[in-house]
Amino acid sequence: MEEHKENIHGKDVNVKSNGDNDDKPDSTKCPKGGEAPPQASNSSFSHPVYKEIALANGHINRMSKEELRAKLSQLKLDTRGVKDVMKKRLKSHYKKQKLTQSAADSDSDPGGFPYDYICVVDFEATCEEDNPPDFLHEIIEFPIVLISTHTLEIVGTFQEYVKPQLYPTLSDFCVNLTGITQDKVDAAKPFPAVLKQVVKWLAERELGTKYKYTFLTDGAWDMSKFLNIQCRVSQLRYPKFARKWINIRKSYGNFYKVPRTQTKLSTMLDNLGLQYEGRPHSGLDDSRNIARVALRMLQDGCQLRVNEELHGGQLLTVPSWAPAEGAPPPCWPGSRK
């Protein structure tokens with residue numbers, strides 16, 4: 001539902017900053033397993049290891065595309081993607097290598113990834129070709145693709161169609177866009193019943209109890225708009241476990257140093273040398289492809305962290321220096337009074 005989300009909300013959702021600006025490239029983000037050496041602060045970038053990294057980056061910047069591909073091949077790293085992506089991949093490799101060695105030399109644990117699992121979500125919702133400003137989008141597909149940050153694999157999926165309450169008959173435009181037919185939503189359960197299934201599915205995997213987890217979306221709309229609107233329509237409180245998430249568009253733009261115009265799903269896949277798999281605007285297929293982008297970013301050394309939250313009904317930016325807390329254990333949100 002990528003392009004239609006753009007149409008619904010314009011160029012982007014208004015996001016209030018919470019002390020940070022994620023639109024700017026974030027030079028403080030470190031690769032997986034590559035936080036700054038122990039007791040590092042902003043002033044510690046004078047540490048000799050950073051000078052070594054800067055020299056390596058300068059050399060990489062001068063390499064041609066052919067030289068980059070050859071060096072990546074030599075290191076047994078992925079050689080796909082545009083030149084800027086290959087540069088970032090090689091820089092991240094050397095940065096991780098240098099920081100890990102620096103941490104080992106100081107007899108300290110360099111630290112691991114902040115989450116054990118990431119739940120990728122991409123809702124499909126009711127829509128019209130020209131949505132009026134007050135149109136209430138109801139979720140009609142609730143998919144989750146579960147990523148393990150330890151094995152860097154997709155380890156589970158969840159999918160349920162949802163029966164809309166306000167406008168039970170789908171528009172022809174919606175059917176053609178999403179591929180979700182009228183008979184599928186007619187046979188589906190209402191949103192509260194599906195949300196109970198989601199809570200059970202997450203709990204069965206011990207997310208929030210034994211394992212640390214968070215959510216990831218392609219943009220801010222899924223949680224701040226679709227889930228928020230749906231909870232109001234269904235007279236439910238917004239679930240606490242979905243209040244914070246990773247907006248992969250921000251993470252991708254900051255990590256690969258590209259403008260927001262280069263962070264649509266189709267563009268991210270193309271720049272990483274990947275092709276879309278499945279049917280576009282299928283919630284589950286979109287989620288799988290977003291997960292593939294996230295996995296490639298993890299492989300390239302990006303430490304994906306929560307960067308957005310819904311607080312008091314307002315969309316806020318979570319600063320990059322905030323503690324990487326996992327989502328709370330999944331539980332039933334309760335009804336609105």
One thing to verify: whether E160 and K189 come together as a salt bridge, which I'm taking to mean a side-chain N less than 4.0 angstrom from a carboxylate O. no
Hey, is R249 close enough to D218 for a salt bridge, meaning N to O under 4.0 Å? yes
So, does Q262 use its side chain to make a donor-acceptor pair with the main chain of P259 at under 3.5 Å? no
Would you mind telling me which of Y161, F123, W201 makes a ring-ring contact (aromatic ring centres under 6.0 Å, His included) with F142? F123
Do D286 and H281 get their side chains close enough for a donor-acceptor pair, meaning under 3.5 Å? no
Would you call D116-K212 a salt bridge at under 4.0 Å N-O? no
Run the salt-bridge test on K184 and E141 with the 4.0 Å N-O cut-off and return the result as yes or no. no
Quick one: pull up SG in C231 and CZ in F226 and give me the separation to the nearest 0.5 Å. 13.5 Å
M268 and I248: side chain to side chain contact (heavy atoms under 4.5 Å, CB included), yes or no, with the steps? CA-CA 10 Å; M268 290 190 289; I248 197 170; 4.1 Å; yes
Ring centroid separation Y115 to Y213 under 6.0 Å: no
Can you confirm if the NZ or CZ of K163 lies within 45° of the ring axis of F191 and under 6.0 Å from the centre of its six-membered ring? no
Y252 OH to K264 NZ distance, which is reported to the nearest 0.5 Å: 14.0 Å
Would a 4.5 Å heavy-atom cut-off, applied to side chains only, mark I147 and L295 as touching? yes
